[in-house]
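A, B, ... follow the sequence lines: proteins, then strands. Residue 1 opens every chain.
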Amino acid sequence: MNNKNSAHIGDYNITPVQETGSSWDMSGLGWNDGADSVETIDDKSVSSNNNGPIVDDTLEKESKKRPSIKRIRQIHIDYLSGNYEPSAEEWTWISQDDDFYDSEEYLAYRKKEVDNFADTHEEIYSPPDEKIERSVGPFIKKVDDDIEGLLKVTNKLEKDEVTQENVYEIVTFFAEKFEISDIPKLELIYDYNNKDTLGKYRANSNIVFIMPDSRQSIAGMINTIAHEVWHARQHQREAICEDYKVNFEYYYSSNMDYDAYCDQLVEKEASSLGNAVGALYRNAVLDRDPRKMALLNDLYFDWINGEYEPNGVSDGIEAKDLILAHKKYVEYNKFSNILKRIFRREKR
Amino acid sequence: MRTQVMLEKYLVTELRVTGRMMLMMVDKIKKYDDIYDEFCYWIKNRSYDKNDPLVVGGYTAKQIFELNPNLDGIGVYNFMITLRENPERAKEYIKAGFKEL
């Protein structure tokens, strides 16, 4: 046989099916880089002993089953893309391909999926504060401009009435403020399996889930509701906002990378807005309800005496709330004492 | 090679993270050799118990998992990366109890 890629064992020739570069490596079960072809042996390897010829068809079986390196790499890439599940045998070949991560095929795949993507989408996965402020600022102002409306819808919650109806009033309030045309439905879930999850939004059915938690303050719950309703707005704007569309498609789950979860655009916006709205509510209550001021003023003294630590988590109270409450309480009492003195003078 | 294949199987088959997301997560978790090595140990043994565990920002992987049992293995070791790169932020997350909204 004159094919320069063929080898010769005794009277038998081994020839690749295609001549585009594939050749049989006589040092063992290997191959050289080549076209996507399956190699076959023209005839079996034959040895002999005193009992006659022994036919060893191992090489034939191996070469008939094992695809080319290019095919194996494509299988590997299809698996990584979620498009194919390799068989046990294919996994063996994949594991033996030590050069995969330096191969042209893998590097091209990486370039297409990640290298270009990372450069152009930095503002989605670590958005600057100014970008967040531009998005949510106007809507925080809308809530601030209707603080009486917020206090009205949250009034029933303050009386410990966390009901479907009461919470839905707040959902509707925020949906109107955030200009959401398709108002989400609401489900309250008690005893959710993850105790650290306070809310969720399901886009395909447009439902806000709230997990009432006795450890959470009313301001905290309002924060959660605003956060989830904001997600509804983001989903409803995916078609016109490329950043939202990309982030929801390539979304970091909290259980896999908590920091990336918090720092991605859709979550950072919702957290920023929720925190601001919760603070607006808290300050509005402090402004209007002297009894709350008195309670927080007591806590202020407990705090400076080392008997209470505000941590902003379980009861939604932070150090700055106590300082503000104390200041207002002092001013309120000063004013109220002035009024009392005036009243007593008038009485005389 | 086998280690990375093991990592890929964990992400793709177990966690259903594929394509672009999978590649981005692999890039991040391989950033620091000591964290990556211990993460590979976890993938192989599915345990945070080991002799001389890595300590980052005052926490071992086991302690991070105990603080937030909702974290998957890769979540624990990604949090170690956060403790190394942004210790203040990581401690805020711990203080706030890893709340999820």
Peer 1: What residue, out of Trp91(A), Tyr109(A), Tyr252(A), has the most heavy-atom pairs lying under 4.5 Å from chain B?
Peer 2: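 Of the options given, most contacts go to Trp91(A).
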Peer 1: Under 4.5 Å from any heavy atom of chain B, what part of Asp263(A) do you find: side chain, backbone, both or neither?
Peer 2: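 Side chain only.
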Peer 1: More than 12 foreign heavy atoms under 6.0 Å from NZ of Lys131(A): is that the case here?
Peer 2: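 Yes, enclosed.
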Peer 1: Can you tell which of Ile77(A), Ile210(A), Asp257(A), Asn83(A) has the highest number of heavy-atom pairs within less than 4.5 Å of chain B?
Peer 2: Asp257(A)
Peer 1: So which part of Lys28(B) gets closer than 4.5 Å to some heavy atom of chain A, the side chain, the backbone, both or neither?
Peer 2: side chain
Peer 1: Think Arg20(B) forms a cation-pi with Tyr250(A), using NZ or CZ under 6.0 Å from the six-ring centre and within 45 degrees of its axis?
Peer 2: yes
Peer 1: Here's one to test your reading of the geometry: is the NZ or CZ of Arg202(A) within 45 degrees of the ring axis of Phe209(A) and under 6.0 Å from its centre?
Peer 2: no
Peer 1: Please classify the contact between Arg16(B) and chain A as side chain, backbone, both or neither, with a heavy-atom cut-off of under 4.5 Å.
Peer 2: neither
Peer 1: Side chain, backbone, both or neither: which part of Ile81(B) has a non-hydrogen atom closer than 4.5 Å to chain A?
Peer 2: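 Neither; nothing under 4.5 Å.
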Peer 1: Does Glu85(B), at its CD atom, have more than 12 non-hydrogen atoms belonging to other residues, nucleotides or ligands within less than 6.0 Å?
Peer 2: yes
Peer 1: For the candidates Leu71(B), Leu23(B), Val17(B), Thr82(B), which exhibits the highest count of non-hydrogen atom pairs separated by less than 4.5 Å from chain A?
Peer 2: Leu23(B)
Peer 1: Below 4.5 Å, heavy-atom pairs only: which of Ile74(B), Val12(B), Asp72(B) has the largest tally toward chain A?
Peer 2: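 It is Val12(B).
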Peer 1: More than 12 non-hydrogen atoms from neighbouring residues, nucleotides or ligands closer than 6.0 Å to NZ on Lys111(A), yes or no?
Peer 2: no
Peer 1: Given heavy-atom pairs under 4.5 angstrom as the criterion, report whether the side chain, backbone, both or neither of Tyr201(A) touches chain B.
Peer 2: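 Interface part for Tyr201(A): neither.
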Peer 1: If I compare all heavy atoms of Phe98(B) with all of Leu67(B), which pair ends up nearest, and what's the gap?
Peer 2: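 The answer is CE1-CB, 4.2 Å.
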